[in-house]
Structure formats: structure tokens, C-alpha cells
Protein chains: 2
Amino acid sequence: MESASPDLFTARLESAASRVEAMLEKILSQEARDGEIVRPDRVLSAMRYGVLNGGKRLRPFLVIETARLLDAPPEPALRIAAALECIHCYSLIHDDLPAMDDDDLRRGQPTVHIAFDEATAILAGDALLTLAFDVISSEDTALPAQLRLRLVNALSRAAGVGGMVGGQALDLMAEQDRPGEAAIVQLQAMKTGALLRYACAAGAIAAGSDDLTVAHMTRFGEIIGLAFQLADDLLDVTSDAATLGKATGKDAGRGKGTLVSLQGADAARQRLASLVAEAEDVLSPFGERAETLKRAASFIASRNR
Amino acid sequence: MESASPDLFTARLESAASRVEAMLEKILSQEARDGEIVRPDRVLSAMRYGVLNGGKRLRPFLVIETARLLDAPPEPALRIAAALECIHCYSLIHDDLPAMDDDDLRRGQPTVHIAFDEATAILAGDALLTLAFDVISSEDTALPAQLRLRLVNALSRAAGVGGMVGGQALDLMAEQDRPGEAAIVQLQAMKTGALLRYACAAGAIAAGSDDLTVAHMTRFGEIIGLAFQLADDLLDVTSDAATLGKATGKDAGRGKGTLVSLQGADAARQRLASLVAEAEDVLSPFGERAETLKRAASFIASRNR
């Protein structure tokens with residue numbers, strides 16, 4: 001029987017991050033694959049800079065742990081995790097652009113368009129988005145064709161106009177639209193929620209789980225997503241730039257409503273605690289085996305950057 | 001037995017364009033699909049503006065005609081054709097951005113970032129790229145999973161860092177790098193050649209053709225790509241903005257080398273004629289059935305915009 005002390009959880013998080021890092025290193029190598037001609041230096045360097053930056057790898061961790069919970073083969077899960085991280089990192093690169101959020105810093109380092117240039121940042125993002133579909137659909141992701149296809153399709157919907165990209169579009173208009181609570185929840189469910197839901201669903205899909213199990217893990221991802229966003233909004237009002245590695249107070253400064261600004265920090269903290277309890281509840285059918293994922297929920301709710 | 005007079009060719013080109021237009025209209029509808037939440041108005045409008053603009057639909061035409069030649073089912077081929085057009089249009093939207101080629105006009109109309117705004121143009125491009133993989137991987141593309149997966153994977157490699165995006169990255173550096181003839185050919189094989197090769201390969205893959213046939217059609221696409229680029233470079237020095245619907249003389253103005261500037265227009269025209277002959281030769285094993293595709297080669301070489 002396995003237990004999950006905070007130390008074991010941290011060890012698992014770090015182990016997942018280092019395995020994902022190695023896989024990202026592999027898929028972002030200089031070597032052209034079948035069907036490619038060359039991978040030009042500058043744009044490949046920008047892709048690597050935007051990805052191989054010591055991120056927490058939270059989404060990959062969720063893929064890997066849900067896959068483990070449901071007995072999916074670990075190597076394909078790792079590839080899916082790396083592909084998802086490519087999508088996440090492309091979205092950060094594009095979101096940071098001057099025409100979007102105009103951020104010069106990310107995790108305390110110059111953003112890709114500062115370290116390189118704007119055109120290269122746009123192309124590096126485009127290429128990372130494209131690469132994610134290459135990695136999942138590849139023969140090297142040793143899963144039945146039907147499962148790989150389902151993983152590709154679910155990812156495209158999570159990341160596209162009806163998911164992450166649509167959420168970013170709504171977010172850009174939030175300054176002038178001043179959305180109410182329901183609209184903010186929808187925006188966040190798209191902008192940050194969609195990839196977190198996918199992360200948890202992907203492990204189940206890779207395991208060949210039935211639709212009910214996939215829906216169950218998607219629900220877990222949904223709760224995690226709500227908690228993640230609420231914690232983020234709280235950090236924006238309570239943390240400082242040095243801890244966070246990026247500017248704080250930006251949402252308020254731009255007049256963007258968040259649940260924290262609408263309801264206050266105390267109500268947000270209470271809601272966060274109840275989301276963690278709900279996430280743990282969703283996992284209860286899996287018993288002890290789900291300890292690490294349960295810990296992930298409280299980790300996400302209590303993170304300080 | 002079918003013949004292919006210029007009129008029949010034109011009729012086929014126009015018929016393909018109108019069927020693709022209808023499919024694009026369908027996949028770019030307001031309605032959210034399974035796994036999507038909502039498709040926000042502004043970014044969806046920008047996607048539609050960037051795609052539903054009466055383009056020639058050359059790449060879709062090549063998918064549809066190679067599929068027909070090899071007896072692939074027409075409806076899936078049409079979906080693949082529409083997906084490929086989404087990729088082509090996303091690349092135009094991003095290439096036109098101020099940080100890239102900085103073009104205000106495309107086909108005589110304001111480019112997407114002019115008609116909307118820069119952030120929306122970036123997101124519309126991202127969403128179109130993502131949508132292409134959704135469309136091909138979807139159950140609605142009624143092909144065996146293995147074929148859809150192969151189509152996704154080949155497209156991701158054609159469009160990514162080792163293909164189209166990498167070619168654009170090389171092109172942006174061409175002003176300072178001043179590439180020689182071999183490097184220009186490689187750049188063009190990536191920037192414009194990769195999607196044209198894919199267009200012709202995709203019809204064969206959708207037909208479940210063997211590797212040799214896929215390679216054969218890829219070779220046809222490669223020759224078409226070379227002819228297309230050479231015709232484009234000739235137009236840049238010989239046409240005017242009113243005919244072309246975009247600025248001319250830009251390559252020379254920016255100091256970018258092309259094969260035309262290196263070898264002269266006469267040599268380029270001779271090379272173009274020999275490429276058309278070569279394309280026709282590659283198709284000769286298919287006899288009369290390939291007449292439309294043969295005509296496509298000379299159409300591409302002699303187009304005036």
C-alpha cells in the first residue's frame with residue numbers, strides 16, 4: 001500500500017518534471033524528423049527557450065499521474081504530457097507579445113519576444129502548437145491509433161477557439177466588457193480550465209478507459225482548474241513581483257474583474273478550500289492509489305507562485 | 001473516357017472552390033462542438049474573415065483532385081482540403097502581421113490585423129491552425145483511424161518548424177543572410193513547398209494508397225511547389241499591385257534574393273516550362289485520368305496573380 005506524505009508528493013512532482021524535461025529536450029532536438037527538411041536554428045532556439053525553462057510542469061504531472069492511476073502505459077503518457085506542455089508554453093509565448101499582454105518577464109526571465117524578437121516569438125509559438133500534434137499522432141506514441149486520434153481531437157478542442165484561444169480572446173476584451181461573475185467563470189474555464197481538464201482526461205484516454213471514467217477524470221480536472229484560477233487571482237492581489245517572477249496587481253490595474261475582486265479575498269479562500277474538498281471527494285472511489293492526485297489539489301490551491 | 005479542355009479544368013477548379021467554401025463555412029460555424037464551450041464572436045469573425053475571402057483554393061483543389069485520381073472517398077477528402085486551407089490561411093494572417101511582413105492588403109482587402117486588431121489576428125491564426133487538426137482527427141472525417149492519424153502527422157510535419165514555419169523563419173532572415181541558390185531552394189521548399197507537397201500526398205493517403213504511390217504524388221507536389229514559387233517570383237518583378245492585389249517588387253526592395261534575381265527572368269521562364277513538362281511526366285502512368293492535374297501544373301505556372 002502506498003502513502004503520500006508531502007515529501008513523497010514533492011518527489012513525484014519533481015520526478016515527473018525531470019522526465020518531462022528530458023522528453024521535451026528529445027522532441028525539441030536539432031534533428032529533422034521524417035517529413036521535415038531542416039529545423040532552422042533561431043526559431044528552434046526560441047522554442048527551446050520558451051519551453052526548457054524549469055517550469056513546474058503541472059499539466060504534464062496531471063497527465064502522468066492520472067495515467068498512472070488508471071494503468072496507462074507510462075512512456076506514451078510522458079509523450080502526451082510533453083505535447084501538452086508545448087501547447088501551454090506556446091500560449092504563454094503568444095500571450096506575452098506586445099499586442100497581447102505585453103509582458104517583458106516570465107518566471108523572472110526575459111520573455112521570448114524580448115530575448116529574441118517578435119516575429120521569432122510568433123513563429124516559435126506556431127511551431128510549438130504544431131509540434132504538439134506531431135508528437136501525439138506519431139508512431140512513437142505507442143498507443144492504438146484510435147486512442148491517439150481521440151487524444152489529438154480532444155486536445156484540438158481544448159486548445160482552440162472553443163477552449164484556450166477563445167478564453168484568451170474573451171480575456172483581452174474583459175477590460176472593456178467588464179464581464180459579470182458567470183462570464184468570468186466561463187472565460188476562466190476556457191482560458192486556463194480547458195488544458196487542465198484535458199490533462200486529467202488525457203491520462204484516462206491513454207489508459208483506454210470507458211467514457212464514464214474519462215468524464216470522471218475530466219470533472220476532477222475541472223475542479224482543479226477552478227482552484228488553480230482562484231489561487232492565481234488571489235496571488236495577483238496578495239503576492240509581490242519578486243516572489244511571483246512577474247508583475248502583480250495587473251488585473252486590478254487593468255480594470256479586469258476577477259472572482260476575488262467581485263467577492264473579496266476571504267470568500268475566495270473559503271471557496272478554494274471547498275474546491276479542494278470536492279476534488280478529493282471525486283477521487284475517493286480510487287482510494288489510497290489517488291493520494292498523489294489528491295495532494296495535487298491542495299498543492300494547487302496553496303501554491304505561492 | 002474523359003478529356004480535360006481548358007473549360008473543363010476551369011469548371012473543376014471552380015467547383016472544388018465552391019465545395020471547399022461550403023465546408024469551410026460549416027467548420028467555421030458559430031456552434032460549439034463537443035469539448036468546446038463557446039466560440040467567441042470577435043475571434044470567430046476574424047477567422048471567417050481570414051478564410052472566407054474567395055481565394056483560389058489551390059491547395060484544396062490539389063487534395064480533391066489527387067483523391068479523385070486515386071479513388072479516395074470524396075467527403076473525407078473535402079474535409080482534409082478544408083483543414084489544409086485553414087493552415088494556409090492562418091499562415092497568411094500571421095505572415096501579414098506588423099512584426100512579420102507588415103502587409104496591410106491581401107487580395108485587395110485589408111489584412112486581418114487591419115480589419116480587426118493585432119491581438120485578434122494572432123489568436124485567429126492560432127485557432128485556425130488548431131482547428132485544422134480538429135477537422136482531420138474528427139469522427140466526421142470518415143476514414144479509418146490509421147489514415148486520419150497519418151494525415152494529422154504528415155500535416156504537422158509539413159506545417160511545423162521543419163516545414164512551413166521554419167521556411168518563414170528562414171525567409172525573415174533572408175534580408176541579412178543573403179542566401180545563395182541552394183539555400184533559396186530549400187527555404188522555398190519549406191515555406192511554400194511543404195503544404196503543396198502535403199496537398200498532393202494527402203489525396204493519396206486518404207485513398208489508402210501504398211507508400212510508393214504516396215511518394216509518387218509527393219514528388220508531383222514537389223514539382224508543383226517549385227513551379228508555384230518560380231511563377232510567384234516572376235510575378236513579383238513583372239506584375240503590378242492592381243493585378244496582384246498586393247504590393248509588388250517587395251523582394252527586390254528588401255534585398256531578398258530569389259531565383260529570378262539570381263538567374264534572370266528568361267532563365268526562370270525556361271525552368272518553369274521544364275517543371276511543367278516534368279509534372280506532366282510524373283502523371284503519365286495515370287493516363288487520361290490525370291488530365292485535370294496535368295492542367296493544374298500549367299495553370300500554376302502561367303497564373304497572373
Side-chain angles (χ1 to χ4, degrees), chain A residues 32-40 42-44 47 90-91 94 97-100 113 117-123 125-127 129-134 137-139 144-146 148-150 152-163 165-170 172-173 186 189-190 194, chain B residues 32-40 42-44 47 90-91 94 97-100 113 117-123 125-127 129-134 137-139 144-146 148-150 152-163 165-170 172-173 186 189-190 194:
Chain A
R33 303 291 314 269
D34 220 26
E36 295 184 334
I37 296 181
V38 290
R39 297 182 156 190
R42 187 170 172 84
V43 66
L44 183 67
M47 293 165 76
Y90 118 73
S91 78
H94 280 191
L97 285 167
M100 306 266 265
H113 66 275
D117 59 82
E118 231 181 295
T120 302
I122 295 167
L123 292 173
D126 293 345
L129 168 53
T130 312
L131 184 64
F133 294 105
D134 177 353
S137 64
S138 161
E139 297 277 327
Q146 194 61 55
R148 276 182 282 159
L149 209 51
R150 197 169 161 191
V152 165
N153 195 251
L155 180 58
S156 66
R157 293 198 178 163
V161 65
V165 168
Q168 172 69 1
L170 291 174
L172 286 171
M173 298 200 298
Q186 187 181 66
M190 294 170 74
Chain B
R33 303 291 314 272
D34 220 28
E36 294 183 334
I37 297 181
V38 291
R39 296 181 158 192
R42 187 170 172 83
V43 65
L44 184 67
M47 292 165 76
Y90 118 72
S91 78
H94 280 191
L97 286 167
M100 307 265 266
H113 65 275
D117 59 80
E118 231 180 294
T120 303
I122 295 168
L123 292 172
D126 292 345
L129 169 52
T130 311
L131 184 64
F133 293 106
D134 177 354
S137 63
S138 162
E139 297 276 327
Q146 194 61 55
R148 277 183 281 158
L149 208 52
R150 197 170 161 190
V152 165
N153 195 252
L155 180 57
S156 66
R157 295 201 177 162
V161 65
V165 168
Q168 174 67 3
L170 291 174
L172 286 172
M173 298 199 299
Q186 186 182 65
M190 294 170 74

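The model shown is predicted, which means the values in this text are computed figures rather than measured ones. Below, read A as the first sequence line, B as the second, and so on, with proteins coming before strands; counting in each chain starts at 1.
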Approximate separation, where rounding is to 0.5 Å, of B:L131 CG and B:E36 CD: 7.5 Å
From CD (B:Q168) to CE (B:M190), nearest 0.5 Å: 11.0 Å
Pick whichever of [options] has the most heavy-atom pairs under 4.5 Å with chain B.
options	result
A:M47, A:R148, A:Q146	A:R148
A:L97, A:L129, A:D117	A:L129
A:V152, A:L123, A:L170, A:I122	A:L123
A:D134, A:L155, A:T130, A:V165	A:D134

State, to 0.1 Å, how close [X] and [Y] come at their nearest heavy-atom pair, and which atoms those are.
X	Y	value
A:M100	B:A119	SD-CB, 3.7 Å
A:T120	A:V43	CG2-CA, 4.1 Å
A:A158	A:A194	O-CB, 3.2 Å

Which of [options] touches chain A most, by non-hydrogen pairs under 4.5 Å:
options	result
B:E118, B:R150, B:H94	B:H94
B:P144, B:G35, B:P40	B:P40
B:A32, B:A159, B:S138	B:S138
B:G125, B:S156, B:A127, B:P98	B:S156

Atom group of [X] that falls short of 4.5 Å from chain B, counting heavy atoms:
X	result
A:L149	both
A:A189	both
A:R42	side chain

Partner residues of B:S137 under the side-chain hydrogen bond (donor to acceptor under 3.5 Å, both in side chains) criterion, sequence neighbours left out: A:N153
Chain A contact via B:A169 - side chain, backbone, both or neither, heavy atoms under 4.5 Å: both
B:R157 side chain vs A:D34 backbone, donor-acceptor pair below 3.5 Å: yes
